[in-house]
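Note on naming: letters A, B, ... go to the chains in the order of the sequence lines (proteins, then strands), and numbering restarts at 1 for each one.
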Amino acid sequence: MTEASAEGYLPDDVERVREALVEWYENDHREYPWRKTTDPYAVLVSEVMSQQTQLDRVVDAWEAFLDRWPTVETLAEADRADVVGFWTDHSLGYNNRAKYLHEAARQVLEAYGGQFPRDPDGLQELMGVGPYTANAVASFAFDNGDAVVDTNVKRVLYRAFDVPDEDSEFERVAGALMPDGKSRVWNNAIMELGGVACEKTPACDGAACPWREWCLAYETGDFTAPDVPTQPEFEGSRRQFRGRVISILRDGGEVELDALGSRVRVDYVPEGQYGREWLRGLLDDLADDGLVHVADREGETFARLRE
DNA sequence: TTCCCGTTCC
DNA sequence: GGAACGGGAA
């Protein structure tokens, strides 16, 4: 029994499966600027940004970010308020991640002497870097990662090889499928497949999917994909108001509580349901997240972005 | 309205 | 194991 068939889900000629995908990728793929660098810092920035945003919207932000903070040293020395402000200015959302990235840069300097760890386990020690990002950076910067498992990869494996919708199974099969020592091209290729061919609505023939001869979904016509949890509505959500607070403080420097409140929501009434108490709770959460600084002075409360 | 989607914290 | 975390675009 071969290693591949022992996995239970992969075709016997798994080597041909591998070659077909790599050839398909190398023949034609989207040219994103971060695919041209192996600088681990630049790669990390691109991965953190693209965790949350469609790739086409990340390009400008990534270039501007590296323009402003070209190295891990420059980012580590930056004021947090400037990094969070940049995030907001570029509509990147999830301000926490600007903080994580800044914190990770400091870690690289202070705990690793300015050199990024070169393997997934080391990279995962960095703030904001989980299993996916650790493998992505190890792969794209050092060609030294394990198989990445993101929702693209899960969808592909689920459809093509009927891998059950369980994280441990996805990880096992993804690892068995990846050719040893070729994580850079492999992880790029399999995510590209999920991104342009095996999307929610698949484009098997249009994108000339290289796996059609093996793909179970292509054979049966059942393109069901693993469930993606639906999001609570954004409009009116706490997250929306957090974003507004950050955006206002980004322009306004230090702002008094009630002044802030009236700019955050039109129905702000200091003693009302969405008044001081509500706003203070929001600010305290933002302060706990290390994004905002709240100060009480002479009976008034002021908020500003944390430096 | 739905899509995008990994990490942290509890 | 589940909730919280953004905001633009299709």
Original post:
DNA chain C: A:Q54 or A:R238, which has the more 5' nearest nucleotide?
Top reply: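 Going by which nucleotide is closer to the 5' end, it is A:R238.
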Could you tell me the separation between the [atom1] atom of [X] and the [atom2] atom of [N], rounded to a whole number of Å?
X	N	atom1	atom2	value
A:Y100	B:dC9	OH	P	5 Å
A:D150	B:dG6	CG	C1'	9 Å
A:R250	C:dG6	CZ	C1'	17 Å
A:L291	C:dA4	CG	P	17 Å
A:R239	B:dC4	CZ	C1'	12 Å
A:Y94	B:dC9	OH	C1'	15 Å
A:Q240	C:dG6	CD	C1'	9 Å
A:R97	C:dA4	CZ	C1'	11 Å

Original post:
Taking atom CZ of A:R244 as the centre, does the number of heavy atoms from other residues, nucleotides or ligands within less than 6.0 Å exceed 12?
Top reply: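 Yes.
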Does [X] reach a base, just sugar-phosphate, or nothing at all? Heavy atoms under 4.0 Å.
X	value
A:T88	nothing
A:P131	sugar-phosphate
A:N95	sugar-phosphate

Electrostatic pair [X]-[Y], nearest N-O below 4.0 angstrom:
X	Y	answer
A:D165	A:K154	no
A:E169	A:R172	yes
A:E199	A:R155	no
A:D296	A:R280	yes

Original post:
So, is A:T151 near the phosphate of B:dC4, with a side-chain N or O under 4.0 Å from OP1 or OP2?
Top reply: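 Indeed not, no polar side-chain atom of A:T151 lies that close.
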Subject >> Side-chain N,O (A:T133) to OP1/OP2 (B:dG6) below 4.0 Å >> reply: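 Result: no.
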**OP:** Could you work out which one of B:dG6, C:dG7, B:dC5 sits closest to the side chain of A:Q51?
**Re:**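 Comparing B:dG6, C:dG7, B:dC5 against the side chain of A:Q51, the answer is B:dG6.
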Subject >> Residue whose closest nucleotide on DNA chain B lies nearer the 5' end, A:T53 versus A:A134 >> reply: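 Nearest nucleotide further toward 5': that of A:T53.
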Original post:
Of A:E233 and A:V129, whose closest DNA chain B nucleotide lies nearer the 5' terminus?
Top reply: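 Comparing both residues, the 5'-ward one is A:E233.
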Original post:
Is the closest side-chain heavy-atom distance between A:Y25 and A:L193 below 4.5 Å?
Top reply: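 Side chain of A:Y25 against side chain of A:L193, heavy atoms only: no contact under 4.5 Å found.
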**OP:** Determine whether any donor atom in the side chain of A:Y132 lies under 3.5 Å from an acceptor atom in the base of B:dG6, or the reverse, and answer yes or no.
**Re:**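 Not at all, since no donor on one side and acceptor on the other fall under 3.5 Å apart.
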Original post:
Taking atom types as they are modelled, is there a donor-acceptor pair under 3.5 Å from the base of C:dG6 to the side chain of A:R242?
Top reply: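 In this structure, the two groups form no donor-acceptor pair.
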**OP:** Using both distances under 3.5 Å as the test, list the Watson-Crick or G-U wobble partner of B:dC9, or none.
**Re:**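 When the pairing criteria are applied, C:dG2 turns out to be the nucleotide that pairs with B:dC9.
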**OP:** Could you work out the separation of C:dG7 and B:dC9 based on their C1' atoms and round it to a whole Å?
**Re:**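 C:dG7 and B:dC9 have their C1' atoms separated by 23 Å.
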Original post:
On a whole-Å scale, what distance lies between the P atoms belonging to B:dT7 and C:dA9?
Top reply: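 Comparing P positions in B:dT7 and C:dA9 gives a spacing of 25 Å.
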